[in-house]
Amino acid sequence: GAFWASLNGFWLYNGVNAEPVDCPIWDWIDRRINRVASRFKSVAINIAPKFEVWFFFVGGDDNDSNNFLVIYNYKDKRWSMGELGRTCGNSTPNDPNPILADEQYVYKHESGYQYSGANMPWAETFTLNINRGGVLATIKQMLPEVIGSRNSVRFRFIKRNNPTDGP
């Protein structure tokens with residue numbers, strides 16, 4: 001299949017039809033995206049071992065580099081969002097660590113914890129609402145997949161009336 005972004009959402013071609021993909025974080029993207037610059041600079045990379053597509057786009061009025069990211073897990077139909085700038089990348093089906101680059105450096109993602117000259121990226125999983133439309137959710141356990149020091153991961157829970165508002 002093929003997966004792409006349009007002016008009003010994401011689309012999937014499943015081999016037979018092109019159909020819209022439900023994106024609960026679209027208004028978060030719409031408030032940040034620089035449509036003119038993103039038309040020429042945005043990047044989409046399929047991370048096959050994780051069943052994810054990563055979309056990097058230009059955000060803000062004066063910025064001409066990709067600085068925001070949305071991730072769609074097409075197996076679980078889950079969205080995440082964050083701030084991270086990459087201009088190109090490659091992923092192979094048998095390597096869980098994609099190779100991605102910004103305008104100066106090449107990184108092997110999810111391999112190691114620090115790299116010089118880089119800001120610490122943030123990412124959010126979206127949403128934790130189990131009963132579509134429910135008001136409350138109880139979280140009893142979190143099972144992060146961490147290799148190395150447990151001190152490299154921090155969790156923060158935020159309650160908002162509009163769940164697509166960023167930090």
Side-chain angles (χ1 to χ4, degrees), residues 1-91 98-105 107 109-110 118-137 139 142 144 153-167:
F3 193 69
W4 68 94
S6 72
L7 291 174
N8 56 359
F10 290 93
W11 290 79
L12 170 69
Y13 176 72
N14 61 14
V16 177
N17 299 315
E19 49 192 42
V21 175
D22 184 38
C23 180
I25 62 171
W26 182 255
D27 51 336
W28 181 87
I29 298 165
D30 197 41
R31 283 194 310 271
R32 286 159 179 79
I33 193 167
N34 179 327
R35 293 187 187 281
V36 174
S38 290
R39 182 175 181 164
F40 300 102
K41 305 252 182 179
S42 62
V43 176
I45 301 164
N46 181 28
I47 312 296
K50 298 184 183 303
F51 306 101
E52 295 175 342
V53 179
W54 293 17
F55 292 95
F56 297 94
F57 64 92
V58 179
D61 294 330
D62 300 324
N63 196 337
D64 64 350
S65 297
N66 291 332
N67 55 349
F68 285 99
L69 157 75
V70 291
I71 300 170
Y72 179 62
N73 182 302
Y74 47 86
K75 181 179 179 185
D76 299 333
K77 296 182 178 23
R78 206 178 25 180
W79 290 89
S80 301
M81 56 197 179
E83 287 185 49
L84 183 64
R86 297 294 182 257
T87 56
C88 64
N90 186 39
S91 176
I99 304 293
L100 303 175
D102 60 15
E103 294 175 350
Q104 294 182 323
Y105 302 101
Y107 304 100
H109 274 255
E110 301 182 28
N119 294 327
M120 179 57 97
W122 67 269
E124 290 183 16
T125 298
F126 192 90
T127 67
L128 294 175
N129 186 350
I130 297 169
N131 294 324
R132 295 199 105 173
V135 177
L136 300 174
I139 299 170
M142 291 179 55
V153 177
R154 290 184 297 239
F155 297 98
R156 180 173 70 164
F157 292 92
I158 301 170
K159 184 262 181 205
R160 292 190 180 95
N161 289 334
N162 182 354
T164 59
D165 289 342

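The basis for the numbers below is simple: all heavy atoms, side chains too, and nothing from hydrogens, waters or symmetry mates. Model, not experiment: these values are computed from the prediction.
- Nearest heavy atom pair, residue Lys77 against residue Tyr72, reads CG-OH, 3.5 Å.
- By the side chain to side chain donor-acceptor pair (under 3.5 Å) test, Glu103 pairs with Ser65, sequence neighbours left out.
- Summarising the geometry of Ser91 relative to Ala48, their closest heavy-atom pair is OG-N, 3.9 Å, with the distance given to 0.1 Å.
- Listed for the Asn66 side chain is a donor-acceptor partner under 3.5 Å among the backbone atoms of Arg86.
- Note that CG of Leu7 is 5.5 Å distant from CZ of Arg35, once rounded to the nearest 0.5 Å.
- Atom-to-atom distance recorded for Asn67:CG and Asn34:CG is 9.0 Å, nearest 0.5 angstrom.
- Residues meeting the side chain to side chain donor-acceptor pair (under 3.5 Å) test with Asp102, sequence neighbours left out: Tyr107.
- With rounding to the nearest 0.5 angstrom, the CG atom of Asn46 is 11.5 Å from the CH2 atom of Trp54.
- With Asn90 contributing its side chain and Ile99 its backbone, the two residues share no donor-acceptor pair below 3.5 Å.
- In this structure, Val53 and Tyr74 have side chains that are in contact, with non-hydrogen atoms separated by less than 4.5 Å.
- Every residue meeting the side chain to side chain donor-acceptor pair (under 3.5 Å) condition with Trp11, not counting sequence neighbours, appears here in chain and number order: Ser6.
- The aromatic rings of Trp79 and Phe3 sit tilted relative to each other, their planes meeting at an angle between 30° and 60°.
- Contact detail for Phe68 and Glu83: the closest heavy-atom pair is CE2-CG, 3.5 Å.
- Between Glu52 atom CD and Ile45 atom CD1 the span is 12.0 Å, to the nearest 0.5 Å.
- The ring of Trp4 has its center no closer than 6.0 angstrom to the ring center of Tyr13.
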Discussion item. Show, in sequence, the C-alpha distance, side-chain angles and deciding distance for Val70 and Phe10, and conclude whether the side-chain contact (heavy atoms from CB on, under 4.5 Å) test is met.
Written reply: CA-CA 11 Å; Val70 291; Phe10 290 93; 4.1 Å; yes
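- Ile33 and Phe57 get closest at one heavy-atom pair: CG1-CD1, 3.6 Å.
- Of the inter-residue distances, the one linking Leu100 atom CG with Leu84 atom CG reads 8.0 Å to the nearest 0.5 angstrom.
- The CD1 atom of Ile71 sits 11.0 Å away from the CE atom of Met81 when rounded to the nearest 0.5 Å.
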Discussion item. Is there a side-chain contact (heavy atoms from CB on, under 4.5 Å) between Val58 and Phe40? Walk through the geometry before answering.
Written reply: CA-CA 9 Å; Val58 179; Phe40 300 102; over 6 Å; no
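- Of all heavy-atom pairs spanning Asn73 and Lys50, the tightest one is ND2-O, 3.4 Å.
- Listed here is the closest heavy atom pair of Pro24 and Asp22: CD-O, 3.8 Å.
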